[in-house]
Amino acid sequence: MSLICHQVSRSFNCRQKPPAKILENYMTSELSFDEWDEKHNPERAQDTDFDAVMSRRYFLKGATMLGVSAFVMTAGLSSKTAVAASKAGFQFKPIAAATTDTITLPEGFTSQVVVRWGDPLTSDGPEFDHATRGSAASQAIVAGDNNDGMDIFVVDGHTVLVINNEYTNRDITFGNRESKLPETDDDVNKGKMAHGLTIVELKEKNGQWEIVTNSPFNRRITPDTAFEVVGPVRGSNLIKTSSDSKGTRILGTFNNCGNGKTPWGTYLACEENFNGYFSSYQGENFKQTAEQKRYGIAKDGKDWGYKWAQTDARFDVSKEPNESHRHGWVVEVDPSGRRTPVKLTALGRFKHENAEVVISKNGHAVVYLGDDERGEFLYRFVSRDPYQPNGDNSTLLHNGDLFVAKFNDDGSGEWINLAEAGMATDETMIFARIAASKVGATTMDRPEWVAANPHKVEAYVALTNNKYRGERENQPLNMVNPRVKNPYGHIVRWTPEAEDHAADNFTWDMYVMAGNPLVHSDLMSGSGNINETNMFNSPDGLKFDAAGNLWIQTDGNYSNAKGFAGMGNNQMLMGDPETGAIHRFLVGPKECEITGLTWSPDRKTMFIGVQHPGEKGNSHWPEGGQAVPRSAVIAVRRTDGGLIG
């Protein structure tokens with residue numbers, strides 16, 4: 001029996017199935033992250049961002065006054081055209097929605113699977129075992145699960161891909177167990193090791209990409225990897241624990257969603273739904289604090305079913321109440337492995353989606369950040385020091401100011417410094433959500449990825465959906481979030497004042513409102529650049545290619561029924577930032593999310609993430625037959641070998 005197993009043997013024999021009573025606490029596998037939060041924190045409160053809730057009559061009057069300039073693109077800009085023209089010089093015929101269990105692309109394009117969950121990174125790593133789905137030891141040395149954000153780096157002439165591994169699907173990871181849940185300590189640790197980051201060298205051979213086995217760059221970063229704490233929270237009493245009395249060193253990163261890439265060649269991984277990994281495993285007297293409530297630590301002390309507290313006491317909030325404060329950050333990783341990874345506390349703690357880095361007119365680094373939860377906020381970090389093109393920028397994101405966005409109904413907006421909340425600096429960063437509420441920021445419809453146009457000073461944010469919009473006092477209807485219970489989502493664009501990303505004021509408009517014109521004839525039908533040939537829901541991933549095409553990835557309702565009829569599986573579309581035209585380029589397999597996007601150095605290959613295929617048991621992608629579905633990164637190329645981004 002392992003030491004870890006011995007430590008929890010008082011609960012149940014690690015070689016046996018746990019008692020039903022223990023399993024009962026974790027039977028949440030059918031719930032999404034949001035549904036889990038709602039079940040365990042049904043009335044999580046926020047301060048309101050308006051003195052009074054706007055009435056629907058007021059909203060409709062405002063919508064009429066603002067007209068197309070604010071939120072409806074000019075009609076006739078949809079993908080009804082026979083051919084979509086890319087700013088990179090390639091063309092394609094937009095494809096129809098699809099519901100098949102495969103990758104669907106336009107004619108003239110091809111795809112291959114490059115990195116799958118469980119693929120070995122070294123010659124001694126085992127091949128994926130469809131019967132057992134691996135062990136804790138094997139999972140620690142193979143590619144992680146549920147790939148999300150990612151980016152390519154060239155390190156000493158080598159092509160290195162860094163991939164976020166957001167979470168695991170319990171029904172799949174533990175599908176070898178009758179309960180579909182971790183039943184032994186090794187099961188718990190197997191799921192744990194599937195989280196974090198996968199770093200892998202790739203090479204192209206005869207038009208196909210493959211892993212360079214045994215590359216010195218190949219490695220995993222897991223929930224047990226050591227990180228240095230940098231920035232204003234370093235040494236704070238709020239992050240000190242029994243194993244880190246100085247508050248300077250944190251073990252692990254997990255639930256990494258989107259990402260960022262810095263001009264100085266480092267990778268930013270964004271910790272999102274960290275709250276669901278904490279429980280009061282042995283803490284019958286656990287009492288939820290107001291701060292824990294706001295950040296989603298369950299009042300009943302339950303987690304998502306991963307049971308990490310069973311084998312690692314730091315995830316027991318009744319024993320280590322500060323441990324959750326040590327997660328929910330943006331982390332910076334050197335792809336070469338030469339530097340210790342760091343947690344960037346100056347960028348604030350919340351459910352980070354991605355981190356979009358730009359350089360302002362005066363040379364400072366600006367990072368745009370979304371907090372992916374209904375009724376949360378859009379943030380901006382501005383570095384204290386300027387970027388040095390030929391210098392050492394390794395500490396550039398350690399110090400600066402954190403702002404939160406306020407969108408006005410007249411199409412203007414401002415960035416409010418969180419320092420105005422009047423809280424201590426470490427408290428402001430650790431409880432950024434609370435500070436943002438105090439300064440009157442605008443609650444948003446789940447701010448997901450932010451993308452900045454490389455050819456124009458403007459940025460876009462995907463607001464994926466929000467069933468509480470117009471229903472809860474702190475989430476009233478307004479011009480930037482204009483639909484009741486917003487089931488489809490929208491993308492908002494803003495232009496900084498004086499073409500400076502560091503400016504405190506901006507103007508905004510609506511790039512697209514997703515919707516279904518086959519079902520609706522009102523605002524739910526979408527904006528004028530949406531029609532029956534290109535409709536989608538829940539925009540999530542956003543990224544510009546080097547040529548200036550805006551790529552939109554979806555993580556939404558794939559039922560293809562009722563209000564979502566005709567939308568098919570989740571997909572990726574290409575948008576023109578100038579005309580508003582949007583064209584469907586790719587459709588994923590069943591029950592997947594399309595997420596994560598990057599390009600090969602020569603821009604002839606587009607790497608795309610396919611996450612959680614078959615999350616409800618109805619896919620066997622990518623191997624087919626009766627194989628276990630596996631999240632994977634695919635490579636998409638033009639058959640003529642030309643540029644694709």
Side-chain angles (χ1 to χ4, degrees), residues 69-73 77 86-87 149 257-261 270 352-358 360 366-372 377-381 403-405 407 411-413 415 442 444-466 479-482 486 488-497 499-501 503 506-514 526-530 534 536-556 572-583 585 594-597 645:
S69 65
F71 67 93
V72 180
M73 297 292 296
L77 299 179
S86 158
K87 294 181 181 300
C257 189
N259 72 289
K261 185 177 185 179
C270 301
H352 284 278
E353 184 67 17
N354 83 317
E356 180 74 340
V357 184
V358 293
S360 70
V366 174
V367 188
Y368 290 115
L369 309 151
D371 184 354
D372 182 11
F377 305 107
L378 177 68
Y379 297 83
R380 182 195 67 169
F381 168 84
F403 300 80
V404 66
F407 291 83
S412 67
W415 293 103
T442 303
M444 306 293 282
D445 287 354
R446 290 184 57 191
E448 303 240 21
W449 290 60
V450 178
N453 192 330
H455 300 296
K456 186 177 181 181
V457 182
E458 63 180 14
Y460 298 65
V461 62
L463 302 171
T464 196
N465 55 53
N466 184 2
M479 296 311 299
V480 76
N481 302 284
N486 186 13
Y488 299 117
H490 53 292
I491 298 174
V492 170
R493 166 175 55 195
W494 67 93
T495 302
E497 186 176 65
E499 297 187 334
D500 183 4
H501 283 290
F506 59 87
T507 57
W508 67 268
D509 67 355
M510 196 74 69
Y511 176 70
V512 63
M513 287 178 28
S527 48
N529 50 346
I530 292 296
N534 71 348
F536 61 92
N537 74 90
S538 299
D540 187 334
L542 289 182
K543 199 161 190 175
F544 275 95
D545 63 25
N549 301 296
L550 177 63
W551 295 92
I552 304 166
Q553 300 176 314
T554 72
D555 177 23
M572 187 169 82
L573 309 100
M574 185 189 75
D576 186 325
E578 296 174 7
T579 68
I582 297 172
H583 312 277
F585 176 78
I594 300 299
T595 182
L597 181 62

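Worth saying up front: this structure is predicted, and the values here are computed from it rather than measured.
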(request) Could you pull out the closest heavy-atom pair between E448 and E353, with the gap in Å? (result) OE1-OE2, 2.7 Å
(message) Contact between M574 and S86 at the side-chain level, heavy atoms closer than 4.5 Å - yes or no?
(response) yes
(request) Applying side chain to side chain contact (heavy atoms under 4.5 Å, CB included), run through L542 and I552 and close with a yes or a no. (result) CA-CA 5 Å; L542 289 182; I552 304 166; 3.8 Å; yes
(request) Side-chain contact test, heavy atoms from C-beta onward, threshold under 4.5 Å: evaluate it for M444 versus T442 and give yes or no. (result) yes
(request) Give, for atom CG of D545 and atom NZ of K87, the distance between the pair rounded to the nearest 0.5 Å. (result) 10.0 Å
(message) For the NE2 atom of H501 and the CH2 atom of W415, what is their distance to the nearest 0.5 Å?
(response) 10.5 Å
(request) Search all heavy atoms of D371 against all heavy atoms of P447 and return the closest pair with its distance. (result) O-CD, 3.1 Å
(message) If I take atom OH from residue Y511 and atom CD1 from residue I491, how far apart are they, to the nearest 0.5 angstrom?
(response) 7.0 Å
(message) Does any part of the side chain of S527, heavy atoms only, come nearer than 4.5 Å to the side chain of M510, both counted from C-beta?
(response) no
(request) For W508 and T495, indicate whether the former's side chain and the latter's backbone hold a donor-acceptor pair under 3.5 Å. (result) no
(request) Could you tell me whether F506 and F407 have their ring centroids closer than 6.0 angstrom? (result) yes
(request) Answer yes if the side chains of N465 and S538 hold a donor-acceptor pair under 3.5 Å, and no otherwise. (result) yes
(request) Start with the C-alpha gap between H583 and D576, add the side-chain angles, then the distance that decides, and say whether side chain to side chain contact (heavy atoms under 4.5 Å, CB included) holds. (result) CA-CA 9 Å; H583 312 277; D576 186 325; 6.0 Å; no
(request) Measure the CG-CG distance between L378 and L463 for me, rounded to the nearest 0.5 Å. (result) 8.0 Å
(request) Report the C-alpha distance between V366 and R380 in whole Å, list the side-chain angles of each, state the deciding distance to 0.1 Å, and finish with yes or no for side chain to side chain contact (heavy atoms under 4.5 Å, CB included). (result) CA-CA 7 Å; V366 174; R380 182 195 67 169; 3.6 Å; yes
(message) So, applying side-chain contact (heavy atoms from CB on, under 4.5 Å) with W449, which one of T464, L597, T595 is it?
(response) T595
(request) Can you measure from OH (Y368) to CZ (F381) and round to the nearest 0.5 angstrom? (result) 13.0 Å
(request) Sort out for me which residue in V358, V461, V367 forms a side-chain contact (heavy atoms from CB on, under 4.5 Å) with V450. (result) V461
(request) Please name the pair of heavy atoms, one in A462 and one in P539, separated by the smallest distance, quoted to 0.1 Å. (result) CB-O, 3.6 Å
(request) Measure from the side-chain N and O atoms of T579 to the backbone N and O of A581, and report whether any donor-acceptor pair falls under 3.5 Å. (result) yes
(request) To the nearest 0.5 Å, tell me how far N537 CG sits from D555 CG. (result) 9.0 Å
(request) State, with a plain yes or no, whether a side-chain heavy atom of N466 is found less than 4.5 Å away from one of N481. (result) no
(request) Identify the two heavy atoms, one from G580 and one from N529, that lie closest to each other, and give their separation to 0.1 Å. (result) O-ND2, 2.9 Å
(message) Please tell me whether H455 and F544 form a close aromatic pair, meaning their ring centres lie under 6.0 Å apart.
(response) no
(request) Of all the heavy-atom pairs spanning A546 and P454, show the shortest one and how long it is. (result) O-CG, 4.3 Å
(request) Looking only at non-hydrogen atoms, find the nearest pair between V357 and K261 and report the distance. (result) CB-O, 3.9 Å
(message) Within the structure provided, determine whether D540 and Q553 are in side-chain contact (heavy-atom separation under 4.5 Å).
(response) no
